[in-house]
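Following: one structure in C-alpha coordinates, then a few remarks.
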2 protein chains.
Amino acid sequence: MNLPPLVQTFVLHFGEMGSRWGINRTVGQIYALLYLSKEPLNAEDIVERIGVSRSNVSMGLKELQAWNLVRLQHKPGDRRDYFSTPDDIWQIVRTLVEERKKREIDPTMSLLREVLMQEPASAEERHAQDRMREMHDLFELLTGWYADVQRLDTERLVQLLTLGSKVQKILEMKDRLFVVPGSRKGRPDDAKDK
Amino acid sequence: MNLPPLVQTFVLHFGEMGSRWGINRTVGQIYALLYLSKEPLNAEDIVERIGVSRSNVSMGLKELQAWNLVRLQHKPGDRRDYFSTPDDIWQIVRTLVEERKKREIDPTMSLLREVLMQEPASAEERHAQDRMREMHDLFELLTGWYADVQRLDTERLVQLLTLGSKVQKILEMKDRLFVVPGSRKGRPDDAKDK
DNA sequence: CCGAAATTTCAGAATTTTCTGAAATATTGG
DNA sequence: CCAATATTTCAGAAAATTCTGAAATTTCGG
(Lines give C-alpha, C1' and ligand atoms only; values in the text may rest on other atoms or scores of the structure.)
Protein backbone atom coordinates (compact mmCIF):
# COMPACT_ATOMS: atom_id res chain seq x y z
CA MET A 1 0.00 0.00 0.00
CA ASN A 2 1.56 3.19 -1.23
CA LEU A 3 -0.18 6.15 0.34
CA PRO A 4 0.53 9.18 2.53
CA PRO A 5 0.12 8.04 6.17
CA LEU A 6 -2.90 10.22 6.77
CA VAL A 7 -4.69 8.82 3.76
CA GLN A 8 -3.64 5.28 4.54
CA THR A 9 -5.15 5.41 8.03
CA PHE A 10 -8.48 6.43 6.61
CA VAL A 11 -8.41 3.92 3.76
CA LEU A 12 -7.59 1.05 6.11
CA HIS A 13 -10.34 2.07 8.49
CA PHE A 14 -12.89 2.12 5.72
CA GLY A 15 -11.70 -1.25 4.57
CA GLU A 16 -12.43 -2.71 7.99
CA MET A 17 -15.68 -0.81 8.27
CA GLY A 18 -16.75 -2.23 4.94
CA SER A 19 -17.27 -5.64 6.48
CA ARG A 20 -19.78 -4.18 8.93
CA TRP A 21 -21.82 -3.06 5.98
CA GLY A 22 -22.39 -5.56 3.22
CA ILE A 23 -19.29 -4.56 1.25
CA ASN A 24 -15.87 -6.18 1.29
CA ARG A 25 -12.58 -4.72 2.34
CA THR A 26 -11.33 -3.86 -1.12
CA VAL A 27 -14.52 -2.07 -2.08
CA GLY A 28 -14.36 -0.05 1.13
CA GLN A 29 -10.75 0.88 0.49
CA ILE A 30 -11.34 1.87 -3.11
CA TYR A 31 -14.20 4.06 -2.08
CA ALA A 32 -12.24 5.72 0.69
CA LEU A 33 -9.38 6.39 -1.69
CA LEU A 34 -11.62 7.94 -4.31
CA TYR A 35 -13.38 9.98 -1.68
CA LEU A 36 -10.12 11.54 -0.52
CA SER A 37 -8.60 12.01 -3.93
CA LYS A 38 -8.62 15.43 -5.51
CA GLU A 39 -8.27 14.03 -9.01
CA PRO A 40 -10.24 11.16 -10.53
CA LEU A 41 -8.25 7.91 -10.55
CA ASN A 42 -8.04 5.11 -13.07
CA ALA A 43 -7.94 1.44 -12.20
CA GLU A 44 -4.18 1.24 -12.47
CA ASP A 45 -3.76 4.17 -10.07
CA ILE A 46 -5.89 2.32 -7.57
CA VAL A 47 -3.91 -0.90 -7.98
CA GLU A 48 -0.68 0.95 -7.23
CA ARG A 49 -2.02 2.72 -4.17
CA ILE A 50 -4.08 -0.01 -2.54
CA GLY A 51 -1.90 -2.92 -3.63
CA VAL A 52 -4.49 -5.45 -4.77
CA SER A 53 -4.87 -7.17 -8.10
CA ARG A 54 -6.14 -5.45 -11.19
CA SER A 55 -9.08 -7.81 -11.44
CA ASN A 56 -10.06 -7.17 -7.87
CA VAL A 57 -10.13 -3.45 -8.54
CA SER A 58 -12.21 -4.05 -11.60
CA MET A 59 -14.79 -5.97 -9.59
CA GLY A 60 -14.73 -3.41 -6.81
CA LEU A 61 -15.36 -0.57 -9.21
CA LYS A 62 -18.17 -2.53 -10.79
CA GLU A 63 -19.80 -2.91 -7.42
CA LEU A 64 -19.40 0.76 -6.58
CA GLN A 65 -20.99 1.62 -9.90
CA ALA A 66 -23.90 -0.68 -9.13
CA TRP A 67 -24.34 1.32 -5.93
CA ASN A 68 -24.17 4.57 -7.92
CA LEU A 69 -21.45 5.64 -5.55
CA VAL A 70 -18.82 6.54 -8.12
CA ARG A 71 -18.88 8.63 -11.24
CA LEU A 72 -17.15 7.43 -14.39
CA GLN A 73 -15.43 10.05 -16.53
CA HIS A 74 -12.79 10.43 -19.21
CA LYS A 75 -9.80 12.63 -19.81
CA PRO A 76 -9.27 13.99 -23.32
CA GLY A 77 -6.74 11.90 -25.26
CA ASP A 78 -6.83 9.05 -22.73
CA ARG A 79 -9.16 6.16 -23.15
CA ARG A 80 -8.86 4.75 -19.66
CA ASP A 81 -11.83 5.07 -17.31
CA TYR A 82 -11.40 7.52 -14.46
CA PHE A 83 -13.47 7.34 -11.31
CA SER A 84 -14.39 9.85 -8.67
CA THR A 85 -16.95 10.49 -5.96
CA PRO A 86 -19.28 13.48 -5.99
CA ASP A 87 -17.75 16.63 -4.56
CA ASP A 88 -20.92 17.27 -2.63
CA ILE A 89 -20.96 15.00 0.40
CA TRP A 90 -24.71 15.45 0.76
CA GLN A 91 -25.14 13.89 -2.62
CA ILE A 92 -23.18 10.92 -1.34
CA VAL A 93 -25.42 10.58 1.69
CA ARG A 94 -28.53 10.78 -0.43
CA THR A 95 -27.29 8.08 -2.77
CA LEU A 96 -26.21 5.84 0.08
CA VAL A 97 -29.55 6.06 1.83
CA GLU A 98 -31.45 5.59 -1.41
CA GLU A 99 -29.49 2.49 -2.35
CA ARG A 100 -29.69 0.93 1.07
CA LYS A 101 -33.42 1.50 1.07
CA LYS A 102 -33.66 -0.13 -2.33
CA ARG A 103 -31.72 -3.19 -1.24
CA GLU A 104 -32.94 -3.67 2.30
CA ILE A 105 -36.24 -1.97 2.94
CA ASP A 106 -38.03 -2.39 -0.36
CA PRO A 107 -37.65 -6.18 -0.57
CA THR A 108 -38.67 -6.51 3.05
CA MET A 109 -41.72 -4.36 2.45
CA SER A 110 -42.91 -6.46 -0.45
CA LEU A 111 -42.41 -9.62 1.56
CA LEU A 112 -44.38 -8.13 4.43
CA ARG A 113 -47.19 -7.01 2.16
CA GLU A 114 -47.36 -10.45 0.64
CA VAL A 115 -47.41 -12.28 3.96
CA LEU A 116 -49.97 -9.90 5.41
CA MET A 117 -52.41 -10.88 2.64
CA GLN A 118 -52.44 -14.49 3.79
CA GLU A 119 -54.99 -15.98 6.11
CA PRO A 120 -53.47 -16.96 9.46
CA ALA A 121 -54.11 -20.62 10.24
CA SER A 122 -53.59 -20.49 14.00
CA ALA A 123 -53.32 -18.17 16.97
CA GLU A 124 -49.56 -18.30 16.62
CA GLU A 125 -49.74 -17.19 13.01
CA ARG A 126 -52.20 -14.49 13.90
CA HIS A 127 -49.84 -13.05 16.46
CA ALA A 128 -46.92 -13.29 14.04
CA GLN A 129 -48.94 -11.42 11.47
CA ASP A 130 -49.74 -8.68 13.96
CA ARG A 131 -46.06 -8.31 14.64
CA MET A 132 -45.32 -8.11 10.95
CA ARG A 133 -48.01 -5.50 10.54
CA GLU A 134 -46.31 -3.39 13.19
CA MET A 135 -43.07 -3.64 11.27
CA HIS A 136 -44.80 -2.87 8.01
CA ASP A 137 -46.45 0.24 9.44
CA LEU A 138 -43.20 1.38 10.99
CA PHE A 139 -41.35 1.05 7.70
CA GLU A 140 -44.13 2.86 5.92
CA LEU A 141 -43.90 5.74 8.34
CA LEU A 142 -40.12 5.90 8.02
CA THR A 143 -40.01 5.65 4.26
CA GLY A 144 -42.76 8.23 3.94
CA TRP A 145 -40.78 10.62 6.07
CA TYR A 146 -37.65 9.78 4.14
CA ALA A 147 -39.33 10.48 0.80
CA ASP A 148 -40.30 13.92 2.03
CA VAL A 149 -36.95 14.76 3.50
CA GLN A 150 -35.11 13.48 0.45
CA ARG A 151 -36.97 16.09 -1.56
CA LEU A 152 -35.76 19.01 0.55
CA ASP A 153 -32.85 20.95 -0.86
CA THR A 154 -29.65 20.67 1.09
CA GLU A 155 -29.90 24.04 2.69
CA ARG A 156 -33.28 23.29 4.21
CA LEU A 157 -32.16 19.82 5.19
CA VAL A 158 -29.21 21.23 7.10
CA GLN A 159 -31.50 23.76 8.68
CA LEU A 160 -33.82 20.99 9.79
CA LEU A 161 -30.99 18.93 11.23
CA THR A 162 -29.44 21.90 12.97
CA LEU A 163 -32.75 22.65 14.56
CA GLY A 164 -32.39 19.42 16.51
CA SER A 165 -34.03 19.59 19.90
CA LYS A 166 -35.81 22.78 19.01
CA VAL A 167 -38.02 20.68 16.80
CA GLN A 168 -39.95 19.73 19.87
CA LYS A 169 -40.54 23.36 20.68
CA ILE A 170 -41.86 23.98 17.20
CA LEU A 171 -44.17 21.02 17.40
CA GLU A 172 -45.49 22.26 20.69
CA MET A 173 -46.00 25.68 19.22
CA LYS A 174 -47.80 24.16 16.27
CA ASP A 175 -50.04 22.24 18.66
CA ARG A 176 -50.86 25.35 20.58
CA LEU A 177 -51.55 27.31 17.45
CA PHE A 178 -53.51 24.81 15.38
CA VAL A 179 -55.04 22.04 17.45
CA VAL A 180 -58.68 22.52 18.32
CA PRO A 181 -58.75 23.12 22.06
CA GLY A 182 -60.27 20.21 23.94
CA SER A 183 -59.52 17.57 21.25
CA ARG A 184 -57.91 14.29 22.31
CA LYS A 185 -54.16 14.05 22.12
CA GLY A 186 -53.27 10.50 20.99
CA ARG A 187 -54.48 8.91 17.79
CA PRO A 188 -56.67 5.86 18.49
CA ASP A 189 -54.79 3.41 16.25
CA ASP A 190 -51.31 3.60 17.65
CA ALA A 191 -51.91 3.94 21.33
CA LYS A 192 -50.59 0.50 22.05
CA ASP A 193 -47.23 0.96 23.77
CA LYS A 194 -47.08 -1.68 26.45
CA MET B 1 -36.94 -25.95 10.04
CA ASN B 2 -40.20 -26.53 11.85
CA LEU B 3 -42.36 -23.44 11.60
CA PRO B 4 -45.74 -22.28 10.32
CA PRO B 5 -45.27 -21.26 6.66
CA LEU B 6 -45.98 -17.61 7.33
CA VAL B 7 -43.40 -17.45 10.09
CA GLN B 8 -40.89 -19.44 8.09
CA THR B 9 -41.02 -17.01 5.17
CA PHE B 10 -40.20 -14.13 7.46
CA VAL B 11 -37.47 -15.97 9.34
CA LEU B 12 -35.76 -17.04 6.13
CA HIS B 13 -35.93 -13.52 4.75
CA PHE B 14 -34.33 -12.09 7.86
CA GLY B 15 -31.65 -14.71 7.69
CA GLU B 16 -30.71 -13.58 4.19
CA MET B 17 -31.01 -9.93 5.12
CA GLY B 18 -28.66 -10.52 8.02
CA SER B 19 -25.72 -10.82 5.66
CA ARG B 20 -26.41 -7.34 4.30
CA TRP B 21 -25.95 -6.05 7.79
CA GLY B 22 -22.97 -7.28 9.73
CA ILE B 23 -24.81 -10.25 11.25
CA ASN B 24 -24.88 -13.83 10.08
CA ARG B 25 -27.78 -15.89 8.90
CA THR B 26 -28.42 -17.73 12.13
CA VAL B 27 -28.43 -14.56 14.20
CA GLY B 28 -30.89 -12.98 11.78
CA GLN B 29 -33.16 -16.02 11.95
CA ILE B 30 -33.09 -16.21 15.72
CA TYR B 31 -33.96 -12.59 15.97
CA ALA B 32 -36.81 -12.86 13.50
CA LEU B 33 -38.19 -15.85 15.36
CA LEU B 34 -38.08 -14.10 18.70
CA TYR B 35 -39.62 -11.00 17.20
CA LEU B 36 -42.62 -12.94 15.94
CA SER B 37 -43.04 -15.15 18.97
CA LYS B 38 -45.74 -14.35 21.49
CA GLU B 39 -43.98 -16.23 24.26
CA PRO B 40 -40.31 -16.01 25.20
CA LEU B 41 -38.31 -18.96 23.87
CA ASN B 42 -35.47 -20.95 25.34
CA ALA B 43 -32.45 -22.13 23.42
CA GLU B 44 -33.85 -25.60 22.86
CA ASP B 45 -37.08 -24.14 21.42
CA ILE B 46 -34.99 -22.21 18.96
CA VAL B 47 -32.94 -25.25 18.00
CA GLU B 48 -36.12 -27.18 17.22
CA ARG B 49 -37.68 -24.44 15.15
CA ILE B 50 -34.69 -23.14 13.22
CA GLY B 51 -32.86 -26.44 12.93
CA VAL B 52 -29.31 -25.44 13.74
CA SER B 53 -26.98 -26.74 16.40
CA ARG B 54 -27.36 -25.94 20.04
CA SER B 55 -23.96 -24.29 20.16
CA ASN B 56 -24.78 -22.10 17.20
CA VAL B 57 -27.89 -20.89 18.96
CA SER B 58 -25.87 -20.18 22.06
CA MET B 59 -23.45 -18.02 20.10
CA GLY B 60 -26.26 -16.29 18.25
CA LEU B 61 -28.02 -15.40 21.47
CA LYS B 62 -24.79 -14.15 22.91
CA GLU B 63 -24.37 -11.82 19.95
CA LEU B 64 -27.94 -10.57 20.19
CA GLN B 65 -27.37 -9.86 23.85
CA ALA B 66 -24.23 -7.92 23.01
CA TRP B 67 -26.41 -5.83 20.71
CA ASN B 68 -28.96 -5.36 23.50
CA LEU B 69 -31.55 -6.66 21.10
CA VAL B 70 -32.99 -9.43 23.27
CA ARG B 71 -34.18 -9.56 26.80
CA LEU B 72 -33.29 -12.48 29.06
CA GLN B 73 -35.94 -13.66 31.50
CA HIS B 74 -36.93 -16.66 33.59
CA LYS B 75 -40.05 -18.67 34.22
CA PRO B 76 -40.82 -19.70 37.78
CA GLY B 77 -39.73 -23.27 38.46
CA ASP B 78 -37.68 -23.48 35.27
CA ARG B 79 -34.03 -22.69 35.28
CA ARG B 80 -33.54 -22.38 31.55
CA ASP B 81 -32.97 -18.94 30.02
CA TYR B 82 -35.86 -17.53 28.02
CA PHE B 83 -35.41 -14.82 25.43
CA SER B 84 -37.71 -12.27 23.88
CA THR B 85 -37.69 -8.97 22.04
CA PRO B 86 -39.30 -5.82 23.42
CA ASP B 87 -43.02 -5.57 22.71
CA ASP B 88 -42.57 -1.98 21.71
CA ILE B 89 -41.14 -1.87 18.20
CA TRP B 90 -39.98 1.71 18.74
CA GLN B 91 -37.77 0.49 21.51
CA ILE B 92 -36.25 -1.94 19.05
CA VAL B 93 -35.57 0.81 16.55
CA ARG B 94 -33.98 2.99 19.19
CA THR B 95 -31.69 0.21 20.33
CA LEU B 96 -30.73 -0.71 16.79
CA VAL B 97 -29.80 2.83 15.87
CA GLU B 98 -27.96 3.37 19.12
CA GLU B 99 -25.89 0.22 18.71
CA ARG B 100 -25.07 0.84 15.08
CA LYS B 101 -23.97 4.33 15.97
CA LYS B 102 -21.76 2.93 18.71
CA ARG B 103 -20.12 0.41 16.40
CA GLU B 104 -19.85 2.36 13.17
CA ILE B 105 -20.05 6.08 13.71
CA ASP B 106 -18.25 6.51 17.01
CA PRO B 107 -15.03 4.72 16.01
CA THR B 108 -15.01 6.58 12.71
CA MET B 109 -15.46 9.88 14.50
CA SER B 110 -12.53 9.28 16.81
CA LEU B 111 -10.36 8.28 13.89
CA LEU B 112 -11.38 11.42 12.03
CA ARG B 113 -10.69 13.64 15.02
CA GLU B 114 -7.29 12.06 15.44
CA VAL B 115 -6.32 12.41 11.81
CA LEU B 116 -7.58 15.99 11.64
CA MET B 117 -5.12 16.94 14.38
CA GLN B 118 -2.14 15.98 12.25
CA GLU B 119 -0.17 18.37 10.12
CA PRO B 120 -0.64 17.70 6.40
CA ALA B 121 2.72 17.14 4.68
CA SER B 122 1.64 17.86 1.11
CA ALA B 123 -1.09 19.38 -1.01
CA GLU B 124 -2.56 15.92 -1.43
CA GLU B 125 -2.74 15.40 2.31
CA ARG B 126 -4.21 18.83 2.75
CA HIS B 127 -7.00 18.02 0.36
CA ALA B 128 -7.59 14.63 1.98
CA GLN B 129 -7.86 16.33 5.32
CA ASP B 130 -10.40 18.80 3.98
CA ARG B 131 -12.46 15.89 2.75
CA MET B 132 -12.24 14.20 6.11
CA ARG B 133 -13.29 17.41 7.80
CA GLU B 134 -16.40 17.49 5.63
CA MET B 135 -17.22 13.97 6.72
CA HIS B 136 -16.51 14.80 10.33
CA ASP B 137 -18.81 17.83 10.25
CA LEU B 138 -21.52 15.85 8.52
CA PHE B 139 -21.40 13.12 11.14
CA GLU B 140 -21.44 15.72 13.87
CA LEU B 141 -24.55 17.29 12.45
CA LEU B 142 -26.27 13.93 12.05
CA THR B 143 -25.37 12.61 15.48
CA GLY B 144 -26.39 15.88 17.08
CA TRP B 145 -29.76 15.65 15.41
CA TYR B 146 -30.00 12.02 16.37
CA ALA B 147 -29.25 12.76 20.02
CA ASP B 148 -32.08 15.25 20.09
CA VAL B 149 -34.58 13.05 18.33
CA GLN B 150 -33.65 10.05 20.44
CA ARG B 151 -34.77 12.05 23.45
CA LEU B 152 -38.27 12.68 22.12
CA ASP B 153 -40.96 10.41 23.46
CA THR B 154 -42.48 8.08 20.93
CA GLU B 155 -45.66 10.02 20.48
CA ARG B 156 -43.79 13.17 19.49
CA LEU B 157 -41.42 11.20 17.33
CA VAL B 158 -44.32 9.70 15.40
CA GLN B 159 -45.84 13.12 15.11
CA LEU B 160 -42.63 14.48 13.69
CA LEU B 161 -42.31 11.64 11.20
CA THR B 162 -45.92 11.90 10.15
CA LEU B 163 -45.46 15.56 9.54
CA GLY B 164 -43.12 14.68 6.72
CA SER B 165 -43.15 17.21 3.93
CA LYS B 166 -45.08 19.65 6.01
CA VAL B 167 -41.87 20.19 7.92
CA GLN B 168 -40.77 22.45 5.14
CA LYS B 169 -43.89 24.51 5.52
CA ILE B 170 -43.25 24.89 9.21
CA LEU B 171 -39.67 25.91 8.62
CA GLU B 172 -40.81 28.51 6.14
CA MET B 173 -43.35 29.75 8.61
CA LYS B 174 -40.69 29.94 11.28
CA ASP B 175 -38.48 31.93 8.89
CA ARG B 176 -41.24 34.33 8.12
CA LEU B 177 -42.09 34.77 11.75
CA PHE B 178 -38.66 34.95 13.33
CA VAL B 179 -35.89 35.82 10.88
CA VAL B 180 -34.82 39.45 10.78
CA PRO B 181 -36.08 40.78 7.46
CA GLY B 182 -33.27 41.53 5.01
CA SER B 183 -30.77 39.08 6.54
CA ARG B 184 -28.79 36.87 4.16
CA LYS B 185 -30.08 33.39 3.46
CA GLY B 186 -27.10 31.08 2.89
CA ARG B 187 -24.26 30.42 5.29
CA PRO B 188 -20.89 31.38 3.74
CA ASP B 189 -19.05 28.10 4.50
CA ASP B 190 -21.18 25.51 2.80
CA ALA B 191 -22.10 27.18 -0.42
CA LYS B 192 -19.94 24.87 -2.46
CA ASP B 193 -22.22 22.47 -4.28
CA LYS B 194 -20.47 21.82 -7.54
C1' DC C 1 -10.77 -3.39 -39.80
C1' DC C 2 -6.38 -4.17 -37.34
C1' DG C 3 -3.89 -4.25 -33.27
C1' DA C 4 -2.67 -2.26 -28.99
C1' DA C 5 -4.60 -0.90 -24.81
C1' DA C 6 -8.05 -1.31 -21.40
C1' DT C 7 -11.34 -3.85 -19.08
C1' DT C 8 -13.97 -7.86 -17.70
C1' DT C 9 -14.70 -12.57 -16.74
C1' DC C 10 -13.98 -16.61 -14.35
C1' DA C 11 -11.99 -20.93 -12.40
C1' DG C 12 -9.64 -22.09 -8.76
C1' DA C 13 -6.62 -20.68 -4.65
C1' DA C 14 -6.55 -18.29 -0.40
C1' DT C 15 -8.81 -16.47 3.28
C1' DT C 16 -12.47 -15.64 6.34
C1' DT C 17 -16.62 -16.77 8.44
C1' DT C 18 -19.91 -19.83 10.10
C1' DC C 19 -21.28 -23.94 12.15
C1' DT C 20 -20.94 -28.26 14.67
C1' DG C 21 -20.09 -31.81 18.20
C1' DA C 22 -17.63 -32.79 22.08
C1' DA C 23 -15.84 -31.37 26.15
C1' DA C 24 -15.63 -28.03 29.75
C1' DT C 25 -17.89 -25.09 32.78
C1' DA C 26 -21.65 -23.19 35.36
C1' DT C 27 -25.91 -23.41 37.96
C1' DT C 28 -29.19 -25.01 41.15
C1' DG C 29 -32.64 -28.10 43.46
C1' DG C 30 -32.40 -31.35 46.74
C1' DC D 1 -21.94 -30.77 48.09
C1' DC D 2 -23.78 -33.83 44.64
C1' DA D 3 -26.01 -34.89 40.50
C1' DA D 4 -28.78 -33.41 37.02
C1' DT D 5 -29.55 -29.88 33.88
C1' DA D 6 -28.25 -25.93 31.28
C1' DT D 7 -24.96 -23.17 28.98
C1' DT D 8 -20.55 -21.91 26.98
C1' DT D 9 -16.30 -22.71 24.81
C1' DC D 10 -13.51 -24.10 21.25
C1' DA D 11 -10.96 -26.84 17.74
C1' DG D 12 -11.67 -28.29 13.54
C1' DA D 13 -15.03 -29.16 9.55
C1' DA D 14 -17.92 -27.00 6.27
C1' DA D 15 -19.36 -23.25 3.74
C1' DA D 16 -19.06 -18.83 1.89
C1' DT D 17 -16.55 -15.04 0.34
C1' DT D 18 -12.74 -12.70 -1.48
C1' DC D 19 -8.93 -12.43 -4.34
C1' DT D 20 -5.81 -13.57 -8.11
C1' DG D 21 -3.75 -14.57 -12.65
C1' DA D 22 -4.71 -15.92 -17.04
C1' DA D 23 -7.61 -15.75 -20.75
C1' DA D 24 -11.40 -13.61 -23.15
C1' DT D 25 -13.66 -9.62 -24.58
C1' DT D 26 -14.26 -4.85 -25.57
C1' DT D 27 -12.85 -0.44 -27.19
C1' DC D 28 -11.06 2.73 -30.21
C1' DG D 29 -7.18 5.31 -32.61
C1' DG D 30 -5.09 5.01 -36.78
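Computed from a predicted model, the values in this text were never measured in an experiment. In what follows, chains are A, B, ... by sequence order, proteins preceding strands, each numbered from 1.
With contacts defined as side-chain heavy-atom distances shorter than 4.5 Å, the pair A:Arg25/A:Ser19 does not qualify. Between B:Asn42 and B:Phe83, every side-chain heavy-atom pair lies at or beyond the 4.5 Å cut-off. Using a 4.5 Å heavy-atom cutoff, the side chains of B:Pro4 and A:Glu124 are in contact.
Nucleotides of DNA chain C that come within less than 4.0 Å of any heavy atom of chain A span, from the 5' end to the 3' end, C:dA4 to C:dC10.
The side-chain tip of A:Arg103 points at the ring of A:Trp67 from less than 6.0 angstrom away and within 45° of straight on. The cationic group of B:Lys75 lies under 6.0 Å from the six-membered ring centre of B:Tyr82 and within 45° of the ring axis, placing it in a cation-pi geometry.
Side-chain contact, B:Asn56 with B:Thr26: a donor N or O sits under 3.5 Å from an acceptor N or O. B:Ser37 and B:Arg49 share no side-chain donor-acceptor pair at under 3.5 Å.
Annotation: side-chain contact (heavy atoms from CB on, under 4.5 Å) contacts of B:Glu140 (sequence neighbours excluded): B:Met109, B:Arg113, B:His136.
Toward the 5′ end of DNA chain D lies the nearest nucleotide of B:Met59, the other residue of the pair A:Ile23 and B:Met59 mapping further downstream.
The minimum heavy-atom distance linking A:Val7 with A:Leu3 is given by the pair CG1-CD2, 4.1 Å. Nearest approach of A:Glu99 to A:Ala66, heavy atoms of both residues: OE1-O, 3.9 Å.
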Which is it for A:Asp153 and A:Arg156 under the salt bridge (Lys or Arg N to Asp or Glu O under 4.0 Å) test, yes or no, and what are the steps along the way?
CA-CA 6 Å; A:Asp153 64 46; A:Arg156 285 232 174 270; 5.5 Å; no

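Paired with B:Leu36 under the rule side-chain contact (heavy atoms from CB on, under 4.5 Å), one option of A:Gln129, A:Glu125, A:Met132 passes, and it is A:Met132.
Taken over five-pair windows at either terminus, the axes of the helix from C:dC1-D:dG30 to C:dG30-D:dC1 are inclined to one another by 30° (rounded to 10 degrees).
Contacts between residues 43-58 of chain B and DNA chain D, defined by a heavy-atom separation below 4.0 Å, involve B:Arg54, B:Ser55, B:Ser58, listed by number. Near DNA chain D, meaning a heavy atom under 4.0 Å from it, residues 25-42 of chain A has A:Arg25, A:Thr26 in order of number. Heavy-atom distances under 4.0 Å link DNA chain C to A:Lys62, A:Arg79, A:Arg80, A:Asp81 of residues 61-82 of chain A, given in residue order.
Using a 4.0 Å cut-off between charged side-chain N and carboxylate O, B:Glu134 and B:Arg131 make a salt bridge.
A donor-acceptor pair is defined here as one N or O able to donate and one able to accept, closer than 3.5 Å; such a pair exists between the side chain of A:Thr95 and the backbone of A:Gln91.
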